[in-house]
Amino acid sequence: LLLLKEKLDERADSLGLSEVVDLENRTVPAVVWMERSGVGFDRERWDALAVTAQERVETHRERLDELVEEHLPEAEGLLGANTRKVNWSSLAQVLRLLKDLGLDAEDTKQETLEALRDEHPLVTVLLDHREDSKKVSTYGKKWTENVHPVTGRIHADWKQIGASTGRMSCATPNLQSLPRDPGYRACFRPAEGRVLIKADYEQIELRIAAEMAPDARMKRAFAEGKDLHATTATHLRGNGEAE
């Protein structure tokens, strides 16, 4: 391993990455602490949300079937003769239905349906059905298999430079990709007598770009607490200060 380290150090140095390697190595203890400590989790609350999401899926499915009956009473042909049922998980059947309703849909992607939301009541219900179906399949009771049987906490696998961009990623489970629904976020709880603190670097990528450029106007905008995007727009319109 020591021979391997020497080779890797030589390679990192030749690529000008020695400082990056040093920084990543110094970050390892914090990442290990994150994994070992885990995060508090309210399993009962999560299970209740899973049940509610499943009930909503059934309600949406019933309403979708009702809308098909209302707007396409002669729906024969969707799945064959003498049936008006649609498999709402089938992209092909849903696309055909949208076209039968007179909607200009080339596919059933999220952005396509969002654009058609105001053109037919069925589209709104379909979007709601998909959202709750996602919660059931991805964030249902199966998700709680990630709860540690001894600690009762979630000990995710944090990958320090897991993304191709160099950003951190997470798996089993992916705590970086949770529903924005406050109900789900509230399932992650601090220990008794403690609080959770949310912190973020403000416009960190742009600040790094300003330093690397280097760009005096960008640096000054940050130093003066100005909105960089507004400052950029001002200069683009020719209203900025001359350098």
Side-chain angles (χ1 to χ4, degrees), residues 1-43 46-47 50 109-110 134-181 184-223 225 228-229 232:
L1 290 178
L2 289 175
L3 293 174
L4 176 60
K5 179 183 183 303
E6 291 177 2
K7 292 295 183 181
L8 291 175
D9 285 345
E10 291 175 4
R11 178 62 172 162
D13 186 59
S14 69
L15 295 172
L17 294 175
S18 296
E19 290 186 15
V20 174
V21 171
D22 179 62
L23 175 63
E24 294 294 344
N25 285 337
R26 286 187 285 120
T27 307
V28 169
V31 177
V32 172
W33 175 84
M34 286 172 58
E35 290 194 5
R36 288 178 60 85
S37 298
V39 61
F41 183 69
D42 189 334
R43 183 167 186 164
W46 186 276
D47 287 342
K109 294 179 180 179
Q110 179 77 13
K134 170 74 172 179
K135 290 178 180 177
V136 170
S137 61
T138 306
Y139 306 108
K141 290 189 175 182
K142 185 176 178 58
W143 198 92
T144 59
E145 293 177 359
N146 297 294
V147 180
H148 195 281
V150 177
T151 67
R153 298 168 69 84
I154 302 291
H155 299 269
D157 180 13
W158 291 97
K159 302 179 186 301
Q160 194 165 316
I161 45 176
S164 58
T165 57
R167 283 177 174 263
M168 183 176 283
S169 65
C170 185
T172 59
N174 184 1
L175 293 178
Q176 293 179 305
S177 179
L178 293 169
R180 293 187 179 275
D181 186 327
Y184 285 88
R185 299 294 177 98
C187 292
F188 298 89
R189 311 297 294 270
E192 189 69 28
R194 297 175 180 265
V195 296
L196 293 177
I197 298 176
K198 179 180 178 180
D200 191 14
Y201 286 110
E202 182 181 3
Q203 302 183 77
I204 186 62
E205 289 88 355
L206 289 174
R207 292 177 187 272
I208 294 174
E211 180 65 26
M212 293 177 66
D215 189 297
R217 287 178 294 185
M218 289 176 70
K219 288 184 177 182
R220 186 166 62 248
F222 283 126
L228 185 61
H229 298 295
T232 301

Student: For L3 and K7, run side-chain contact (heavy atoms from CB on, under 4.5 Å): C-alpha distance rounded to whole Å, both residues' side-chain angles, the deciding distance at 0.1 Å, then the answer.
Tutor: CA-CA 6 Å; L3 293 174; K7 292 295 183 181; 5.9 Å; no

Student: Rounded to the nearest 0.5 Å, how far apart are NZ of K159 and CD of E35?
Tutor: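 One finds 8.5 Å between NZ of K159 and CD of E35.
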
Student: Is the number of heavy atoms from other residues, nucleotides or ligands under 6.0 Å of K109 NZ greater than 12?
Tutor: no

Student: Specify the closest pair of heavy atoms between A156 and L175, including all atoms of both residues, with the distance to one decimal.
Tutor: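 Scanning both residues completely, I find the closest heavy atoms to be CB-CD1, 3.8 Å.
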
Student: Are the side chains of K135 and W143 in touch, meaning some heavy atoms are under 4.5 Å apart?
Tutor: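 The answer is no, as the side chains (C-beta and beyond) never meet within the 4.5 Å cut-off.
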
Student: In Å and rounded to the nearest 0.5 Å, what is the OG1 to CH2 distance from T172 to W158?
Tutor: 11.0 Å

Student: Sequence neighbours left out, what passes ring pair (Phe, Tyr, Trp, His ring centres under 6.0 Å) with H148? Give chain and number order.
Tutor: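 H148 satisfies ring pair (Phe, Tyr, Trp, His ring centres under 6.0 Å) with H155 only.
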
Student: To the closest 0.5 Å, what do you measure between CG (L23) and CG (L17)?
Tutor: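 Rounded to the nearest 0.5 Å, the CG-CG separation comes to 11.5 Å.
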
Student: Indicate the atoms forming the closest heavy-atom contact of D42 with R189, along with that distance.
Tutor: OD2-NH1, 3.8 Å

Student: Please check if the side chain of E24 supplies one atom and the backbone of Q160 the other of a donor-acceptor pair under 3.5 Å.
Tutor: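 No; judged by distance alone, with no hydrogens or angles, the pair does not exist.
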
Student: Who are the salt bridge (Lys or Arg N to Asp or Glu O under 4.0 Å) partners of E145, not counting sequence neighbours?
Tutor: K142

Student: What residues form a salt bridge (Lys or Arg N to Asp or Glu O under 4.0 Å) with D9, not counting sequence neighbours?
Tutor: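 Result, salt bridge (Lys or Arg N to Asp or Glu O under 4.0 Å) vs D9: K5.
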
Student: Check G140 against A50 and note the closest heavy-atom contact, atom names and distance.
Tutor: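 Smallest interatomic distance, heavy atoms only, reads CA-CB, 3.9 Å.
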
Student: Applying ring pair (Phe, Tyr, Trp, His ring centres under 6.0 Å), can you list everything that pairs with Y184, at least two apart in sequence or on another chain?
Tutor: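 With neighbours one apart ignored, the set is W46.
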
Student: For the residue pair P173 and C170, what are the closest heavy atoms and their distance?
Tutor: O-SG, 3.3 Å

Student: Find the distance between CG (L228) and CZ (F222) and round it off to the nearest 0.5 Å.
Tutor: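 Rounded to the nearest 0.5 Å, the CG-CZ separation comes out at 4.5 Å.
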
Student: Which side-chain N or O atoms in residues 193-214 pair as donor and acceptor under 3.5 Å with protein atoms at least two apart or in another chain?
Tutor:
from : atom 1 : to   : atom 2 : distance (Å)
E205 : OE2    : R167 : NH2    : 2.2
R207 : NE     : E202 : O      : 2.7

Student: For the backbone of K134 and the side chain of S137, can you confirm whether one donor and one acceptor N or O come within less than 3.5 Å of each other?
Tutor: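 Yes, the answer is positive, given that a donor and an acceptor are paired below the 3.5 Å cut-off.
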
Student: Tell me every residue that passes side-chain hydrogen bond (donor to acceptor under 3.5 Å, both in side chains) with R26, counting only those two or more places apart in sequence or in another chain.
Tutor: D22

Student: Classify the ring geometry between F41 and F188 as parallel (under 30°), tilted (30 to 60°) or perpendicular (over 60°).
Tutor: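 Ring orientation of F41 relative to F188: tilted.
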
Student: For a quick test of reading the model, state the closest non-hydrogen atom pair linking K141 to D47 and the distance between them.
Tutor: CG-OD1, 3.8 Å

